[in-house]
Amino acid sequence: MSSRTADDVRKTETIPEWKEQEVAELREFLEGYSSVGIVGVTGIPSRQLQSMRRDLHGEAELRMSRNTLINYALDDVDGGLEDLTEYVGGEIGLIGTNDNPFGLYKQLEASKTPAPINAGEVAPNDIVIPEGDTGVDPGPFVGELQQVGADARIQEGSIQVLSDSTVLEAGGTVSDDLANVLSELGIEPKEVGLDLKAVYSEGVLFEADELAIDVDEYRADVESAAAAARNLSVNSSYPTDRTAGTLLAKAAGEAKSVGLHAAIADEELMPELVAKADAQLRALAALVDDEEALPEELRGVETASADEADAADDEEQGDEETETETEADVDESDDDEDDDDDAGEGLGAMFG
């Protein structure tokens with residue numbers, strides 16, 4: 001006698017016509033988007049859920065149905081979507097988008113709003129009553145604050161919390177007393193929104209924690225890596241389409257510096273070589289005590305200019321090197337801007 005598993009029974013049992021129609025519509029929904037995910041909707045009021053649907057219009061679509069029918073549809077669609085069945089549980093819905101998973105996650109997180117927490121709920125994070133004036137007149141409420149663990153006192157005619165007070169750690173269950181205190185203070189310690197559990201996109205299954213990245217930090221890492229690669233290319237004289245201009249400018253500057261130092265009579269160097277020789281000549285003229293021995297145009301040169309001339313010799317050479325470096329820096333800066341633009345466009349396409 002053969003045995004049948006629960007899955008076999010589920011797949012072969014007769015399904016009512018309305019369920020078949022629902023599964024067909026769900027299958028059409030799943031096939032209509034490049035990225036499909038499972039979102040948790042626990043604790044979201046119906047009115048707020050409808051508002052979230054409207055906000056998603058044009059960018060993503062939320063589809064609610066029975067979990068069993070969602071499982072049927074996921075199993076019937078080819079391409080790996082059946083992997084999402086392990087995330088079907090509790091109050092969930094399907095979400096479809098043609099955006100990438102990172103953009104979808106970012107959008108859903110940004111749409112979450114603060115909400116009060118009720119007695120019996122589990123704290124999603126540490127609940128803290130902040131330091132400051134509660135705005136409540138002296139009365140029994142100070143005792144309620146102290147009872148839930150807040151550092152509260154009556155001062156200056158009102159109830160004040162003297163320091164930030166953690167009244168419940170993440171994972172703890174909210175008591176009736178704490179729920180009342182938080183409500184009185186207007187503290188909303190949780191966020192309400194569509195909680196993305198997993199997304200299947202282009203053959204890859206992403207869980208929520210894999211999508212929760214800091215885009216700015218990621219961008220900075222990419223830009224830093226690009227800058228390091230450019231520096232390596234320039235310092236090792238390895239030409240690329242991005243660094244060839246910088247390398248040529250650097251080589252030209254070094255060649256010019258050698259030409260000036262060796263006094264090579266090149267047409268492009270002549271103006272600076274003449275200026276250098278003129279400065280040296282004036283430095284020598286300043287050392288001659290007998291002005292009658294000097295040509296008229298060199299008479300009256302101050303002695304102090306001798307030291308300045310020596311410095312000018314070094315300074316001119318330094319100026320040439322600095323000028324070359326500056327030109328290279330400018331070229332490299334332009335490349336940086338181009339790379340940053342390209343990187344920004346790539347990250348924008350990836351993360352939304």
Side-chain angles (χ1 to χ4, degrees), residues 39-57 59-60 62 64 89-93 95 102-197 207-209 211-220 351-352:
V39 292
V41 297
T42 303
I44 304 177
S46 177
R47 181 179 298 177
Q48 193 166 356
L49 187 60
Q50 295 303 319
S51 176
M52 291 178 182
R53 273 182 162 162
R54 289 193 297 271
D55 292 341
L56 289 171
H57 181 69
E59 299 180 6
L62 178 64
M64 306 296 295
E91 299 179 41
I92 60 95
I95 191 164
F102 295 93
L104 176 62
Y105 178 85
K106 182 179 178 181
Q107 181 183 10
L108 294 183
E109 288 297 302
S111 68
K112 291 184 176 180
T113 57
I117 196 165
N118 299 318
E121 291 189 57
V122 175
N125 40 53
D126 290 352
I127 297 179
V128 178
I129 296 179
E131 175 185 357
D133 191 341
T134 65
V136 179
D137 294 334
F141 187 62
V142 67
E144 297 177 28
L145 282 168
Q146 292 171 346
Q147 188 172 353
V148 299
D151 182 15
R153 299 287 187 276
I154 296 175
Q155 289 186 353
E156 300 177 1
S158 66
I159 299 175
Q160 300 195 19
V161 178
L162 304 184
S163 62
D164 290 347
S165 302
T166 301
V167 293
L168 185 65
E169 294 184 348
T173 302
V174 178
S175 65
D176 291 332
D177 290 340
L178 179 55
N180 292 333
V181 166
L182 295 175
S183 176
E184 178 70 23
L185 295 175
I187 295 176
E188 299 178 330
K190 70 176 184 179
E191 287 186 324
V192 172
L194 298 174
D195 186 19
L196 188 62
K197 296 178 177 292
E207 293 190 332
D209 58 349
L211 302 173
I213 66 173
D214 187 328
V215 176
D216 291 335
E217 181 180 351
Y218 193 91
R219 184 191 302 275
F351 300 115

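Any value given below was found using the heavy atoms of this structure, including those in side chains, with hydrogens, waters and symmetry copies removed.
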Is the shortest side-chain heavy-atom distance between [X] and [Y] below 4.5 Å?
X: E144; Y: E184; value: no
X: V174; Y: N118; value: no
X: L62; Y: M52; value: no
X: I117; Y: P124; value: yes
X: D195; Y: L108; value: no
X: L56; Y: Q107; value: yes
X: Q155; Y: L162; value: yes
X: L182; Y: P189; value: yes

[atom1]/[X] to [atom2]/[Y] distance, rounded to the nearest 0.5 angstrom?
X: D209; Y: Y105; atom1: CG; atom2: OH; value: 8.5 Å
X: Q48; Y: D55; atom1: CD; atom2: CG; value: 10.0 Å
X: E121; Y: L178; atom1: CD; atom2: CG; value: 11.5 Å
X: L211; Y: K106; atom1: CG; atom2: NZ; value: 13.0 Å
X: E91; Y: M64; atom1: CD; atom2: CE; value: 7.5 Å
X: N125; Y: L168; atom1: CG; atom2: CG; value: 9.5 Å

Please tabulate, one pair per line, all N/O donor-acceptor pairs under 3.5 Å involving side-chain atoms of residues 126-143, not counting sequence neighbours.
from, atom 1, to, atom 2, distance (Å)
D126, OD1, A170, N, 2.8
D133, OD1, G135, N, 2.8
D133, OD1, S158, OG, 3.0
D133, OD2, S158, OG, 3.1
T134, OG1, V136, N, 3.2
T134, OG1, I159, O, 2.6

Nearest non-hydrogen partners of [X] and [Y], listed with the distance:
X: G193; Y: K112; result: CA-CG, 3.8 Å
X: V41; Y: I92; result: CG2-N, 4.0 Å
X: V192; Y: A115; result: CG2-CB, 3.1 Å

Checklist entry - What pairs of residues pass the side-chain hydrogen bond (donor to acceptor under 3.5 Å, both in side chains) test when at least one of them lies in residues 160-173, not counting sequence neighbours? => result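 Every side-chain hydrogen bond (donor to acceptor under 3.5 Å, both in side chains) pair that includes a residue of residues 160-173, provided the two are not neighbours, is D151-S163.
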Next on the checklist: Tell me every residue that passes side-chain contact (heavy atoms from CB on, under 4.5 Å) with A119, counting only those two or more places apart in sequence or in another chain.
Outcome noted: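 In terms of side-chain contact (heavy atoms from CB on, under 4.5 Å), with neighbours along the sequence ignored, A119 is linked to D176, A179.
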